[in-house]
4 protein chains.
Amino acid sequence: KTLFPVSFETITPDTVLKAYHDIRATTMNLTMPLETEDYVIQSCPEASPPKWHLAHTTWFFETFILQPFCDTYRPEQDAYRMLFNSYYEQVGPYFPRDRRGTLSRPTVQDIIHYRQKVDDQITQWIPRLSMPLFSRIAELIGWGLHHEQQHQELLMMDILANFAANPLFPAYQDNPSTWESLTISPWQWLEIPEGITFLGYEGTGFSYDNEKPRHKVWLTPARIANRTVTNHEFLEFILDGGYQNPTLWLSDGWHWLLDHHWQHPRYWHQIDGEWFEFTLLGLLPLQLNAPVVHLSYYEADAFARWRGGRLPTEAEWEWAATHLPITASNFLESQIFHPEPVIGPLNTMLATLGGVWEWTQSPYAPYPGYHAPKGALGEYNGKFMNGQYVLRGGCALTPQSHIRTTYRNFFSPESTWAFSGLRLAGDVQ
Amino acid sequence: KTLFPVSFETITPDTVLKAYHDIRATTMNLTMPLETEDYVIQSCPEASPPKWHLAHTTWFFETFILQPFCDTYRPEQDAYRMLFNSYYEQVGPYFPRDRRGTLSRPTVQDIIHYRQKVDDQITQWIPRLSMPLFSRIAELIGWGLHHEQQHQELLMMDILANFAANPLFPAYQDNPSTWESLTISPWQWLEIPEGITFLGYEGTGFSYDNEKPRHKVWLTPARIANRTVTNHEFLEFILDGGYQNPTLWLSDGWHWLLDHHWQHPRYWHQIDGEWFEFTLLGLLPLQLNAPVVHLSYYEADAFARWRGGRLPTEAEWEWAATHLPITASNFLESQIFHPEPVIGPLNTMLATLGGVWEWTQSPYAPYPGYHAPKGALGEYNGKFMNGQYVLRGGCALTPQSHIRTTYRNFFSPESTWAFSGLRLAGDVQ
Amino acid sequence: KTLFPVSFETITPDTVLKAYHDIRATTMNLTMPLETEDYVIQSCPEASPPKWHLAHTTWFFETFILQPFCDTYRPEQDAYRMLFNSYYEQVGPYFPRDRRGTLSRPTVQDIIHYRQKVDDQITQWIPRLSMPLFSRIAELIGWGLHHEQQHQELLMMDILANFAANPLFPAYQDNPSTWESLTISPWQWLEIPEGITFLGYEGTGFSYDNEKPRHKVWLTPARIANRTVTNHEFLEFILDGGYQNPTLWLSDGWHWLLDHHWQHPRYWHQIDGEWFEFTLLGLLPLQLNAPVVHLSYYEADAFARWRGGRLPTEAEWEWAATHLPITASNFLESQIFHPEPVIGPLNTMLATLGGVWEWTQSPYAPYPGYHAPKGALGEYNGKFMNGQYVLRGGCALTPQSHIRTTYRNFFSPESTWAFSGLRLAGDVQ
Amino acid sequence: KTLFPVSFETITPDTVLKAYHDIRATTMNLTMPLETEDYVIQSCPEASPPKWHLAHTTWFFETFILQPFCDTYRPEQDAYRMLFNSYYEQVGPYFPRDRRGTLSRPTVQDIIHYRQKVDDQITQWIPRLSMPLFSRIAELIGWGLHHEQQHQELLMMDILANFAANPLFPAYQDNPSTWESLTISPWQWLEIPEGITFLGYEGTGFSYDNEKPRHKVWLTPARIANRTVTNHEFLEFILDGGYQNPTLWLSDGWHWLLDHHWQHPRYWHQIDGEWFEFTLLGLLPLQLNAPVVHLSYYEADAFARWRGGRLPTEAEWEWAATHLPITASNFLESQIFHPEPVIGPLNTMLATLGGVWEWTQSPYAPYPGYHAPKGALGEYNGKFMNGQYVLRGGCALTPQSHIRTTYRNFFSPESTWAFSGLRLAGDVQ
Ligand SMILES: [Fe+3]
Ligand SMILES: [Fe+3]
Ligand SMILES: [Fe+3]
Ligand SMILES: [Fe+3]
């Protein structure tokens, strides 16, 4: 399932515009439950205000497509070039990330107007393009749409972070049901054989530069779990003193834990002895069978050590996702906004895509032969290749058409605001 | 001009409710130019979101009047007790001040509803009160209304701080005109004789506890300027290298300047060699004849030293405001939202009230015999009596009925977000 | 008791040099118990390494006397001008205060050599001076010697702070005895009448600029305690929950307490239920009858509020020290290095000088008509007149010849590394 | 060249004790040029005072050998267990790393006494051990000696950091000569072929746990430079605006540069237009032909990008160090204390060992199948495997018998206080 046909024989202005309108509309639909006030706030430096996401994704089309290629386009506001630039040094100065929540203007309506203006321009302009400009523009539109899909997920993560900081515990969406009664698949090891494998994307569809080039890697024999870790399993770690035992943790993780008084995952609450989790569906009793989520790398790594395992490498994960039968868990399209309990056939990599992002033990680094694209879009991925770990597989907030088995997400090891969980791996003696 | 007749012979439920409705309506009127988004943000720790002011002033009536005295009142929301408590330890926990801008809920509409509910309750309940409960309640209502007037000024200060942090430079109100052509009164020394004077409030009207008791002070002979310092005069200080010369500054001030890269007052901008000032009326060319405003104590003190003078003491200021002919400058009611140039008769303390708050050299300290009131309202003033300096006279954002010549405002010496200027004083050799 | 005869009829090179050699030798004697390593460290930003004090006091004579007035003098090292400048902007750049403990060079021996060189030069040069240059130099030598006496106290405070940060609890001096058995004087109020009094120094002896000019002040009737507060009395405050009760504290003090986890005075330790105090004599069982010491202003103020009193003003303290019979407690010369229990006749201001510095409620501010001296020495006191409180009376580390009843010491309200205690005052109803 | 024969047939108490005494004596010899004061200071959090290194290396033998295995041993001081524990959670609490410079006691003499006591005990005890206890102890002694060698290098790095923070620029050792006239080898690419290679240590000698297990890795074809980058080459980067061009830097590196005002390598100084470098030999004119040293990963990475290359991976470096002819540069034994210019035969990996540590692009991560040793020594390496990059080859401060081609050193990417330089690598198209 892809955004639009990537074969350049079949791609047309219509297919491009259909994808464009679909994805742009999806973003707006996600904001439907928000009050105007909800669009403005930024409860922590890593989250951005919802209205910033609406503007920045529009700025992307304006800055990288309309301004360089469409002669008749006039920018909505000169100041937007700086205000909605996230980090592109080659575009110019950018407003400080941790100050985005201090801006009341432009208003939500102003930004909706801005979106409309850019959408109108794109809609009118695309059909008039000559080949080969259309090819180039279609490629950039594709990039912009994948970018917008990434921000759909970020938008939802940030709404959750913002609501979680409010003592009133606002819910993004009413909780139609709980999953407590659901069964889950039993835990199983799947074998990964020794040998050469290939890592990375190769094909004619869209992929980010950081997934390339496809290259050979030697796999040491190993094994990987059939499913992700549950709240139940993580609760055992807590009850066994996991957050009090420094020998389970990386040194940096342990000191981070002490400095930030970590005693449980970010959105868990213990109230009168009962465990709850704050979610986009409000504050719910902890769903024991649901995957544990919002773990930092440090917590995932400590849990794995406690269980006698380890996190998988990227190569192990990608081999398993490619060579074993897999199933998917829920995506953004499910509109559940929280990972579902995992159930499926034996001997299968369950919930490989969707559900929760899975921390790998692989630091985010360039693949052999990697080169960042020329120009400002080269800053999209390459300059962040240090100090972070790769996560794989997407989550309940990821659009299904956005994710691939070669997709590399990355966060710094203390990050907890993403939908990040884990799947165990282990060595073979 | 007072809020309502303070003589307890003439005070009635009607006079109380009239004042109540007037002041509550004024607050709401001040927010009329705001977009919903503007109510939410907090651009610096010292400023609060406008909607927080709307809620907190309501909370004051709820917490200190309705909850203890009105049996039938049910709080709007339990969490509001904490969310809108500014700092009253005796009321219970309070939400961190510097995090107020992270809350999108309650929404502006929720808060307007909250205001309405409390207003309705007050309106229905006051007329039914028996004496002497009515006397006690009237006194507390008076306190709550003066509190709300203080927050009217804070609301406007905070709107300015928020808009000033936005590169789009939004204006709160269109600027109907400039004052560049206006003349101002020439600068003059007024003499203060040696001897005993009285400091502090005594009378039957409202005053804060920190203005009492009225007490004797010995005045050393001195002199005080007839008017406040202008932008023109302050610009000379800048052009003479005032911000580069450590010998003019207090040591703490100089290090603050270095750490914060101060080169001019907070809202001044130099653009292509021309000076501008950001105001509630937008970004205006610097009005040379208008009073300089948004000075820290450090800047006011350094300017005074450079001019060969000093800041007045509280006692000098209050003596002059009491014993010399005085005039007023503009107040909140003028709806100009910026201090006007000062003009008036010779040998007069011009613009003594209104215009700009005037830094004194007096640290904020209790008057001899001061006792904080019993109960949580004792925390209103007394616990802040350290590390700050007294300012006198009110400003263009202060309601006229709120200010008195005995009124003591106070800010820490690095503060610049208030409408703070200065009037020179000097020793007599 | 003064440093040298101040009458300019009787002052001679011999009297000046005798005082010079005495005081310079006293400084060196104070360092006798130190190991070389002890001279180097700086355990907190406010304390300086002992060797820095040795060098800086020498630098003072070099910079303010020898360099400007003695043609033949060649500075020991150009870099010393910056390294040992504490904060004089008019002298030039200064090494950051909080980095003084990062310098191993110059070594202790280098600095002793530096002291010797300056001492030799002074010794040879003073007798050869013509009048009136001698008068001017004698005045500056006097200033430099008072400066060195101040640093004798700072040196001892800093040694204590450094040793206190070491888990080995090194003692500066063995403890010859304890004072547990000593009785102390019972607590008594002394009356302060209403009326005009004089504040400040006037006379022919040495005083700092901040003690002048002598001026009139109006005293409101009040009362003041005959002695300082004891450890026993302060322990009652602790046991009554004083450190857990925000209503006793200034707001800034309470938040400082929370941020720094204060539960008792700086050098108290509770070990297996018993109270100890770390002192220059090592870790001792808490001496209940000794004065409480190392209090911040916040703690002194909270204690006074808890006891139903308040801190005295400077004017009250100085009136009592001048108009009532007084006694002194121990000074530096006693070589006890800790305040002794207070005992003495009834109706007397006991331990007015020596023992512990006494916090007043008076913010450190210029006296009416104050002018800082011209030149760099004008930075000695004047530029620190904000954000601090005045302490009076000297302490067990203050040289007796250094202190006066008009002497104004000052620290910021959170400071605890000085020998600071308190004497209660109260209003008269 | 190894510390002592590792074959357990030939190892004897004599060989063990000879190595022990040699290495312990080397440490003391390195401190010969120090003044007592130099042992005490800590100019930055990452550096430790020299006397701490002397004590901590002794503590290692006391804690991991004498206390658990030698019944008759009594610890020197109970508090040393905490004071000289660097970070071993399983040993118990440890004194904060960034506060080590606040401790004057124990003195240098106390610590020399402590070293002597432990050395005496080891010397007397080792010959009396029965097999197989001797085997176990010999292994631990080996570990302790490699640990001490690591600290010899750290000791020298920290002395340099401390001296560099002193405006007097003290030299550790006089500079016997400069290298300006020396020629260096021309720059050359060496080819790395595609295929499987082995990474990691396997053999009977000593190696750290992080070098194991030896495992297969697939190499993509690449090339690697024959020598490390010189000051001359790095100066070209500076002159070309390398420190002003964000597109050359990782995002984290660029923001670190801005926050810390980096304009050149840590110890470079530009004085009157001339470049100097502060070294253990004092402040020297920049030696253009010497290797650039004290680079952060960020600077090394930016330089490589500017030159059109990249940093090598661990696997590339280790393949080249194993399969190509190599030469060594100077080690600690040379007593030059600074990397020498590199000269040697063509087609050779020059200065592979010694000279400067070489940043690789490989994040410090466990090898496949890695398991940390049981017990507290398992904390030696494993818990630091995040957020750092691997460096290879040792430097001019590394003892020759300490280094191996499989040796993995690691620092965080902003670190500059090690002797870290770089060797370029590149892709093969
Ligand atoms: Fe983006
Ligand atoms: Fe308030
Ligand atoms: Fe000094
Ligand atoms: Fe170590």
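As a basis for the values below, the full set of heavy atoms in this structure was taken, side chains included, without hydrogen atoms, waters or symmetry mates. So that the names make sense, note that chain A is the first sequence line, chain B the second, and so on, each numbered from 1.
In this structure, chain C has heavy atoms under 4.5 Å from both the backbone and the side chain of D/Pro106. With a 4.5 angstrom heavy-atom cutoff, D/Gln42 touches chain C only via backbone atoms. There is no contact between C/Tyr39 and chain D, counting heavy-atom distances below 4.5 Å. In this structure, chain C has a heavy atom under 4.5 Å from the side chain of D/Leu168, while its backbone stays farther away.
In this structure a side-chain-to-backbone donor-acceptor pair under 3.5 Å is missing from D/Glu274 to D/Pro285.
Counting heavy-atom pairs closer than 4.5 Å to chain C, the top residue among D/Leu83, D/Val108, D/Thr102, D/Ile41 is D/Ile41. Contact tally against chain C (heavy-atom pairs below 4.5 Å) for D/Val40, D/Asp78, D/Asp38: the top residue is D/Asp38.
Taking the six-membered ring where the residue is Trp, D/Tyr88 and D/Tyr380 present tilted rings, their angle falling between 30° and 60°. Taking the six-membered ring for Trp and thresholds of 30 and 60 degrees, D/His147 and D/Phe60 have nearly parallel ring planes, at less than 30 degrees apart.
In the model, D/Arg115 has a side-chain atom that pairs as donor or acceptor with a side-chain atom of D/Thr57 under 3.5 Å. When only modelled atom types and interatomic distance are considered, C/Ser296 and C/Arg266 share no side-chain donor-acceptor pair under 3.5 Å.
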